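For ligands, and for the atoms within them, numbers begin at 1 and follow the listed sequence. Just so we're clear, the structure is a prediction, and the values are computed from it rather than from any experiment.
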Amino acid sequence: MVRNIVVLGGSSHPELVEQMCIKLGIPPGRITLSKFSVGETRVEIQDSVRGKDVYVIQSGCGKVNDNFIELLITISACKTASAKRVTAVMPLFPYSRQPDIPYNKVGAPLAKAGIQKDSYTFESRPGTPAPQPDGTGSGGPPAGQLEHKLSRLSLDKERGPVTTPGSPSLTSRPSFLRRQHTGSEIAGSTKRDSQKVVYANGTGGDWDQHRQPGYKQWVAQAGTLIADLLTCAGADHIITMDLHDPQYQGFFDIPVDNLYGRPLLQRYIQTKIPDYQSAVIVSPDAGGAKRATAIADALGMDFALIHKERRPTKITDRQNATMMLVGDISGRVAILVDDLADTSNTITRAAKLLKERGGATKVYALLTHGIFSGDAIARINASAIDQVVVTNSVPQNENVRACPKLKVLDVSSVFSEAIRRVHHGESISVLFKYD
Ligand SMILES: O=P(O)(O)OC[C@H]1O[C@H](OP(=O)(O)OP(=O)(O)O)[C@H](O)[C@@H]1O
């Protein structure tokens, strides 16, 4: 039993909170989480946290944004109630696939002068503005586009310039536009929906058609913002697991303990996969190669890599990325290792490749985070994967019921041990050991 500690659970994963508290030998702190009818989050902490070491547990799953706000409000409430230290325990860190890069890795679709929407490809890169063949200086728009620009200008004229006293004119910004999502909203899905623009006069069209030539689409940089929000709320420490991008830790100026799911996955391979040493560890993409090779090296196993060539023929056709297998898995068991499955597109396509092209006899997929948004579970059920193994960093009860191929490993011991060690000021590096 640890003393002077309060563990508060958010809405995202009550079972994990309960398991962690059992392992710590303390009851969960009393907290009421509710919503006002308008949708705003309300947090009420019933136990005193004055002078206490507080751990708020919230995973980046379910209603991710609501849960994140709930976490921020809870942290802030603890700080203002004089908690000595507040640690955010986030088994799955939200937004960790949106680091601070100006364009997403699939290549931001860029408007190229004169190109039709349907002919956009990932080969369509923006040229540096250069003189046109007709000698019109620095790449001015072709005639059609000029008309389009002028029509936009006339719209601005109708409205008149938008200015505020003492501020520069805002007419250079598309202030007459408002954007709306048109794609269907799938709960928990990360699919990027197409967008439409609507002018104030009711006319509109596809966003792609309205991009300025040569302008690189701006992708929001969520990484630093998420880190700043946590620290502004009052978090003194973060504990998480298998950050998609470990460099994310650099966005924080507070300690971040990034625990590994690897020992759990490794133990599963050793204890549950018959004759595992003759199997091959496979990374389904280059991004996860380091993680997968580390397991292969530790267990003395062979390694293969699937190269995911992100060059779909259309911008929105991300799922058509070509996959190429590097390594020999013929007649052997293949064990896919990755940090997470979201839509499960990556692992199901990889499994198909491993069996159809590579000649694998059986395919396992071992992942730390089983997000399984949208129809991911149905996709796994219909796939060539024989077994999927995930941790319960996000709730898996419903998924287990819907997917007979799914096995779940418990992370509550790892997190409760991390909490115990942080609380007592002990090193947690022992949790980073693999063998
Ligand atoms: O289940 P899915 O929806 O297919 O998503 C899973 C994939 O997404 C992540 O990588 P990402 O595509 O972000 O690329 P990266 O590893 O190169 O960062 C993750 O590492 C998986 O490989």
Side-chain angles (χ1 to χ4, degrees), residues 60-61 64 92-108 122 186-193 219-223 240-249 258 260-262 265 281-295 304-312 315-326 334-354 363-385 388-391 393-394 396 399 403 405-406:
C61 56
V64 183
L92 169 61
F93 196 93
Y95 286 86
S96 62
R97 287 166 84 194
Q98 298 191 40
D100 276 11
I101 48 170
Y103 316 104
N104 69 23
K105 286 185 197 159
V106 295
F122 276 76
I186 302 165
S189 170
T190 57
K191 279 180 190 142
R192 293 174 181 99
D193 295 342
V219 178
Q221 301 169 21
T240 186
M241 180 175 265
D242 277 358
L243 270 173
H244 176 68
D245 195 345
Q247 283 89 333
Y248 206 106
Q249 290 170 84
N258 182 26
Y260 296 130
R262 196 176 124 193
L265 304 182
I281 300 285
V282 184
S283 174
D285 66 7
K290 230 173 164 178
R291 193 177 294 111
T293 44
I295 292 185
L305 172 77
I306 292 174
H307 177 59
K308 205 160 51 172
E309 180 77 3
R310 289 276 170 101
R311 283 174 185 265
I315 295 163
T316 51
D317 207 4
R318 184 173 176 253
Q319 303 192 343
N320 277 347
T322 322
M323 288 182 138
M324 227 167 22
L325 176 65
V326 185
I335 305 171
L336 284 162
V337 173
D338 210 346
D339 61 327
L340 63 91
D342 186 354
T343 63
S344 294
N345 185 49
T346 301
I347 53 165
T348 51
R349 292 193 63 213
K352 189 173 177 211
L353 180 78
L354 291 171
V363 177
Y364 290 84
L366 270 62
L367 319 148
T368 306
H369 308 294
I371 301 169
F372 302 136
S373 60
D375 54 2
I377 290 292
R379 191 171 284 142
I380 289 173
N381 283 338
S383 76
I385 302 177
V388 180
V389 181
V390 295
T391 75
S393 63
V394 303
Q396 295 295 344
N399 295 335
C403 180
K405 299 179 181 183
L406 190 62

Near [X], which atoms of ligand 1 are under 4.0 Å from a heavy atom of that residue?
X	value
Asp338	19 (C), 20 (O), 21 (C), 22 (O)
Ala341	1 (O)
Gly287	16 (O)

For ligand 1, which part of [X] has a heavy atom less than 4.0 Å away: the side chain, the backbone, both, or neither?
X	answer
Thr343	both
Asp342	both
Thr346	both

Holding to side-chain hydrogen bond (donor to acceptor under 3.5 Å, both in side chains), I want the full list of residues that pass it with Thr348, two or more places apart in sequence or in another chain.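 Testing Thr348 for side-chain hydrogen bond (donor to acceptor under 3.5 Å, both in side chains), a comparison that skips the adjacent residues, returns none.
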### Query
Met324 and Leu305: side chain to side chain contact (heavy atoms under 4.5 Å, CB included), yes or no, with the steps?
CA-CA 8 Å; Met324 227 167 22; Leu305 172 77; over 6 Å; no
Under 3.5 Å donor-acceptor, Asp242 side chain and Thr368 backbone: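 Looks like no, no N/O pair under 3.5 Å.
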- His244 side chain vs Leu340 backbone, donor-acceptor pair below 3.5 Å: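 Between the backbone of Leu340 and the side chain of His244 there is no qualifying donor-acceptor contact (under 3.5 Å).
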Could you check whether any heavy atom of [X] sits closer than 4.0 Å to an atom of ligand 1, since that is the contact criterion I want to use?
X	result
Ser344	yes
Pro284	no
His244	yes

Checklist entry - Per the side chain to side chain contact (heavy atoms under 4.5 Å, CB included) rule, which among Ile335, Leu336, Val337 passes with Tyr364? => result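 Output: one option passes, namely Ile335.
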| query | For Lys405, does the NZ atom sit with more than 12 other heavy atoms under 6.0 Å from it, leaving out its own atoms? | reply |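 Yes.
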Next item on the list: Apply side chain to side chain contact (heavy atoms under 4.5 Å, CB included) to the pair Ile385 and Ile347, showing each step before the final yes or no.
Entry: CA-CA 8 Å; Ile385 302 177; Ile347 53 165; 3.8 Å; yes
